[in-house]
Student: 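Sharing a structure below in structure tokens format, with a few things to ask.
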Amino acid sequence: MRLPPPVPGGPWWSYRSLLPFYSQALLLLLLLQDGCLGVSSEAAGTRRPNVVLLLTDDQDEVLGGMIPLKKTKALIAEMGMTFSNAYVPSALCCPSRASILTGKYPHNHYVVNNTLEGNCSSKSWQKIQEPNTFPAILRSMCGYQTFFAGKYLNEYGAPDAGGLEHVPLGWSYWFALEKNSKYYNYTLSINGKARRHGENYSVDYLTDVLANVSLDFLDYKSNFEPFFMMISTPAPHSPWTAAPQYQKTFQNITAPRSKNFNIHGTNKHWLIRQAKTPMTNSSIQFLDDAFRKRWQTLLSVDDLVEKLIKRLELNGELNNTYIFYTSDNGYHTGQFSLPIDKRQLYEFDIKVPLLVRGPGIKPNRTSKMLVANIDLGPTILDIAGYDLNKTQMDGMSLLPILRGASNLTWRSDVLVEYQGEGRNVTDPTCPSLSPGVSQCFPDCVCEDAYNNTYACVRTVSSLWNLQYCEFDDQEVFVEVYNLTSDPDQITNIAKSIDPELLGKMNYRLMMLQSCSGPTCRTPGVFDPEGERERDRKRRNTTVFLLYLRSSLR
């Protein structure tokens with residue numbers, strides 16, 4: 001299948017056949033002078049690197065979400081770097097995807113949940129944030145061809161958000177799914193024109209469709225400019241429809257019976273406490289089936305990765321291409337007796353896989369550095385040679401880590417924040433529950449609520465592995481976990497931890513919740529530089545007070 005023409009009003013390189021070679025070179029030089037100088041690499045030679053971002057939907061890391069992906073681990077992880085402490089700033093699809101695109105925390109891009117009212121693909125998002133996403137910068141300032149295929153934001157294509165005719169700024173080629181993840185019977189926006197797909201596996205299975213259009217792009221794109229591809233698969237999001245050849249795999253697999261599986265969430269927020277323990281047999285059967293089907297859908301993602309890397313190699317572009325693989329959030333299956341979903345503050349929902357291979361990255365490496373998906377945009381812009389000081393992104397470039405920089409100063413904490421979905425009314429099927437609950441199961445166990453609103457500081461340093469969280473509701477509930485001694489986050493130590501440490505974490509949380517750009521990258525509570533900075537401020541305050549006292553005499 002040949003690609004359709006690029007997005008109308010596209011970049012100058014869409015019409016390169018009309019320009020003599022020297023004119024193309026001159027225009028490219030002007031683009032480089034305006035923003036992107038490229039990144040030097042022996043492997044890359046003189047040409048700027050290409051970048052591929054593979055994004056799955058709801059793939060956990062903590063509960064074995066990478067186990068089915070043998071090809072992906074061999075072709076990306078073993079050929080590059082695995083980040084063992086990769087987090088999302090919000091454990092929900094739309095806010096997390098917005099953070100990837102903008103490099104910002106949710107309180108700065110204002111996408112707070114999966115609804116239009118929560119700014120998910122709203123007119124406001126399109127006007128304020130889309131022009132400043134990293135793909136828009138890659139295209140307008142760096143001369144990259146940009147290709148998108150798959151799920152964008154959950155409300156993309158909604159009539160109140162411009163419908164499928166809307167193509168966000170920054171994309172040369174656009175193959176976007178209408179609304180949320182599906183495998184069959186869906187509609188794609190092909191550069192702003194609707195194309196309906198049915199339920200014929202050979203031509204409609206979405207993961208395979210994304211693989212095919214991605215290969216087409218690699219075959220028919222321009223060879224004159226570098227490219228960026230973002231491929232966003234439906235797997236392993238519900239409805240967990242596996243390809244026919246994989247529907248009988250993993251028959252003996254069940255959801256992991258971790259230490260926090262099917263236990264009551266003692267000393268936790270009310271939404272966790274309302275879960276029924278033990279879970280019903282029907283709930284356990286349902287989550288085991290879901291877990292198995294999730295793994296089955298990932299096998300088609302594994303095939304996609306293999307096809308993509310083989311085509312890059314065949315085209316002679318693999319050695320000059322960075323490939324990132326990650327998920328928009330984690331997932332739980334029975335932890336603290338919550339059947340299936342995300343949205344919670346715990347590791348199983350906020351920790352995700354992150355694998356990277358590319359020029360200058362040594363094979364089979366693992367980094368324990370604390371990273372977040374707000375770092376992807378700055379990293380990719382850094383690879384393209386763009387001056388990150390010109391952005392207002394909250395994240396940091398991972399390029400020094402990928403290239404094995406020594407004595408690197410790095411963060412010790414990241415922010416996690418979430419605003420609950422739901423309306424302040426009682427669910428008629430669960431009248432005994434508080435108003436505003438949502439995502440409820442038949443046995444009235446609910447996964448979310450309108451006041452399930454919290455913010456956390458996740459800290460990883462040489463001495464501490466902590467999580468501090470506050471809820472914005474009538475309880476003003478606090479949860480604190482020491483993940484060194486309690487990796488399953490069973491025991492809330494908020495009432496037993498050193499009050500001074502609790503105060504420091506509280507202060508850091510307030511600072512991060514109001515941060516923007518560079519202030520989101522200031523040293524944390526457990527950073528040595530942070531201690532020195534606080535000592536300096538205390539000394540300056542003392543000197544000022546002494547001066548003030550002497551001047552008043």
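Just so you know, these numbers come straight off a predicted model, no measurement behind them. For the single chain, residues carry numbers from 1 onward in sequence order.
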Student: Looking at E313 and L318, would you say the former's side chain and the latter's main chain have a donor-acceptor pair under 3.5 Å?
Tutor: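 The answer is no, because no donor-acceptor pair under 3.5 Å joins these two groups.
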Student: Salt bridge (Lys or Arg N to Asp or Glu O under 4.0 Å) with D57: which of K182, K151, R294?
Tutor: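 Only match with D57 under salt bridge (Lys or Arg N to Asp or Glu O under 4.0 Å): K151.
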Student: Answer yes if the side chains of N281 and Q285 hold a donor-acceptor pair under 3.5 Å, and no otherwise.
Tutor: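 No - no donor-acceptor pair under 3.5 Å links their side chains.
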Student: Assess whether side chain to side chain contact (heavy atoms under 4.5 Å, CB included) is satisfied between T333 and F348, documenting all intermediate values.
Tutor: CA-CA 9 Å; T333 49; F348 42 74; over 6 Å; no
Student: Between N85 (side chain) and M369 (backbone), is there a donor-acceptor pair under 3.5 Å?
Tutor: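 Pair absent, no side-chain N/O of N85 close to backbone of M369.
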Student: Do you know the tightest heavy-atom contact between T297 and P236?
Tutor: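 Here T297 and P236 meet closest at OG1-CA, 3.3 Å.
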Student: Can you list the steps and then say if Y173 with F148 is a ring pair (Phe, Tyr, Trp, His ring centres under 6.0 Å)?
Tutor: CA-CA 6 Å; Y173 295 92; F148 181 88; over 10 Å; no
Student: For salt bridge (Lys or Arg N to Asp or Glu O under 4.0 Å), just list the numbers for D216 and R311, CA-CA rounded to whole Å, side-chain angles, deciding distance to a tenth of an Å, and then say yes or no.
Tutor: CA-CA 10 Å; D216 285 342; R311 187 61 56 87; 5.9 Å; no
Student: Is S189 reaching over with its side chain to a backbone N or O of L164, donor-acceptor style, under 3.5 angstrom?
Tutor: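 Indeed, once roles are kept as given, a pair shorter than 3.5 Å links the two residues.
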Student: Which pair of heavy atoms, one from I263 and one from K259, lies closest together, and at what distance?
Tutor: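 Reported closest heavy-atom pair: CD1-O, 3.7 Å.
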Student: Quick check for you: to the nearest 0.5 Å, what is the distance between D488 atom CG and F336 atom CZ?
Tutor: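 So the gap between those two atoms works out to 7.5 Å.
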Student: Checking side-chain polar atoms at under 3.5 Å, does S96 have a donor or acceptor matched by the opposite partner on N373?
Tutor: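 The answer is yes; a qualifying pair exists.
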Student: Take the angle between the ring planes of W295 and F250 and call it parallel below 30°, perpendicular above 60°, tilted in between.
Tutor: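 The rings of W295 and F250 stand perpendicular, inter-plane angle above 60°.
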Student: Going by atom types alone, do S124 and S122 pair a side-chain donor with an acceptor below 3.5 Å?
Tutor: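 Looking only at side-chain atoms, S122 and S124 do not form any donor-acceptor pair under 3.5 Å.
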Student: side-chain hydrogen bond (donor to acceptor under 3.5 Å, both in side chains) for N506 and E470? Distances and angles first, verdict last.
Tutor: CA-CA 8 Å; N506 169 265; E470 293 181 4; 2.4 Å; yes
Student: Does V478 offer a backbone N or O that forms a donor-acceptor pair with the side chain of N492 under 3.5 Å?
Tutor: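 Yes; at least one donor-acceptor contact below 3.5 Å.
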Student: For A290 and I340, work out which heavy atoms get closest and say how close.
Tutor: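 Distance-wise, the nearest heavy atoms are CB-CG2, 4.4 Å.
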Student: Between Y205 and Y184, is the ring centroid distance below 6.0 Å?
Tutor: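 Yes, close enough.
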Student: Using a 3.5 Å distance criterion without hydrogens, assess whether the side chain of S327 forms a donor-acceptor pair with backbone atoms of N329.
Tutor: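 Here the side-chain-to-backbone pair exists.
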Student: Could you tell me the separation between the CG atom of L398 and the CG atom of D375, rounded to the nearest 0.5 Å?
Tutor: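 The distance works out to 4.5 Å.
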Student: Could you walk me through whether H269 and L345 pass side chain to side chain contact (heavy atoms under 4.5 Å, CB included), step by step?
Tutor: CA-CA 10 Å; H269 181 232; L345 57 89; 6.0 Å; no
Student: Classify the ring geometry of F286 against F441: parallel below 30°, tilted from 30° to 60°, perpendicular beyond 60°.
Tutor: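 If you compare the ring of F286 with that of F441, the planes turn out perpendicular.
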Student: Is a side-chain N or O of Y346 found less than 3.5 angstrom from the main chain of Q489, in a donor-acceptor match?
Tutor: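 Looks like no, no N/O pair under 3.5 Å.
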Student: Hey, which of E479, E417, E347 is the one that makes salt bridge (Lys or Arg N to Asp or Glu O under 4.0 Å) with R458?
Tutor: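 Going through the options one by one, the only one that passes is E347.
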Student: Taking H332 as the fixed residue, which of Q344, R343, E447 is the one that meets the side chain to side chain donor-acceptor pair (under 3.5 Å) rule?
Tutor: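 Exactly one option meets the side chain to side chain donor-acceptor pair (under 3.5 Å) with H332, and it is E447.
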Student: Give me the atom names and distance for the closest heavy-atom approach of G524 to S412.
Tutor: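 So the two residues come closest at CA-OG, 4.1 Å.
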Student: Between K342 and D328, is there a side-chain N and carboxylate O pair less than 4.0 Å apart?
Tutor: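 No salt bridge links K342 with D328.
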Student: Y156 vs W174 aromatic rings, parallel, tilted or perpendicular, using cut-offs 30° and 60°?
Tutor: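 Judged by the thresholds at 30° and 60°, the geometry between Y156 and W174 is perpendicular.
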Student: Between the main-chain N or O of M510 and the side-chain N or O of Q513, is there a donor-acceptor pair closer than 3.5 Å?
Tutor: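 Judged by distance alone, no pair lies under 3.5 Å.
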Student: Would you call T326 and L55 a side-chain contact if the rule is heavy atoms closer than 4.5 Å?
Tutor: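 Yes - at least one pair of side-chain heavy atoms lies under 4.5 Å apart.
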Student: Taking all heavy atoms of K73 and all of I67, pick out the closest pair and write down the distance.
Tutor: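 Heavy atoms of K73 and I67 come nearest at NZ-O, 3.7 Å.
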Student: Verify the distance criterion only: is there a donor paired with an acceptor across the side chains of S202 and N200 at less than 3.5 Å?
Tutor: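 The answer is yes; a qualifying pair exists.
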Student: Out of the candidates D472, N113, D448, D349, only one should pair with Y418 under the side chain to side chain donor-acceptor pair (under 3.5 Å) rule; please name it.
Tutor: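 Result: among D472, N113, D448, D349, D448 is the only option passing the side chain to side chain donor-acceptor pair (under 3.5 Å) with Y418.
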Student: Is the shortest heavy-atom distance from the side chain of F147 to the side chain of V213 under 4.5 Å?
Tutor: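 Yes - at least one pair of side-chain heavy atoms lies under 4.5 Å apart.
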Student: Would you say that T484 contacts W464 through its side chain, given a criterion of any heavy-atom pair below 4.5 Å between the two side chains?
Tutor: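 They are not in side-chain contact.
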Student: Around atom NZ of K193, are there more than 12 heavy atoms of other residues, nucleotides or ligands at under 6.0 Å?
Tutor: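 Not more than 12 within 6.0 Å, no.
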Student: Taking K70 first and then D302, would you say they form a salt bridge - that is, a charged N and a carboxylate O separated by under 4.0 Å?
Tutor: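 Looking at D302 together with K70, the answer is no, because their closest N to O distance does not fall below 4.0 Å.
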Student: Will you find, in the side chains of S258 and Q335, an N or O donor that is under 3.5 Å from an N or O acceptor?
Tutor: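 Yes, Q335 and S258 have a side-chain donor paired with an acceptor closer than 3.5 Å.
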Student: Begin with the C-alpha distance, continue with both residues' side-chain angles, and end with the deciding distance and a verdict on side chain to side chain contact (heavy atoms under 4.5 Å, CB included) for N267 and K495.
Tutor: CA-CA 10 Å; N267 294 324; K495 294 181 179 179; 5.7 Å; no
Student: Do you know which two heavy atoms are closest between A255 and F291, and how far apart they sit?
Tutor: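 Distance-wise, the nearest heavy atoms are CA-CG, 3.7 Å.
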Student: Does K351 use its side chain to pair, donor to acceptor, with the backbone of S84 at less than 3.5 Å?
Tutor: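 Such a contact is found between K351 side chain and S84 backbone.
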Student: For the pair Y186 (side chain) and D204 (backbone), establish whether a donor and an acceptor sit closer than 3.5 Å, ignoring hydrogens and angles.
Tutor: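 Pair found, side chain donor or acceptor close to backbone of D204.
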Student: With a 3.5 Å distance limit and no angle check, can you tell me whether Q467 reaches the backbone of Y481 through a side-chain donor-acceptor pair?
Tutor: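 Judged by distance alone, no pair lies under 3.5 Å.
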Student: Would F526 and M505 count as a side chain to side chain contact (heavy atoms under 4.5 Å, CB included) here? Give the steps.
Tutor: CA-CA 10 Å; F526 300 103; M505 297 295 285; 3.8 Å; yes
Student: Once you round to the nearest 0.5 Å, how far does CD1 of I374 lie from OG of S99?
Tutor: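 Separation between the atoms: 7.0 Å.
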Student: Between R273 and E475, does any side-chain N to carboxylate O distance fall below 4.0 Å?
Tutor: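 E475 and R273: salt-bridged.
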Student: Does a donor on one side chain and an acceptor on the other come within less than 3.5 Å for S337 and H264?
Tutor: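 Side-chain D/A pair, S337 to H264: absent.
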Student: Check whether any side-chain heavy atom of F324 lies under 4.5 Å from a side-chain heavy atom of I380, and answer yes or no.
Tutor: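 F324 vs I380: side chains touch.
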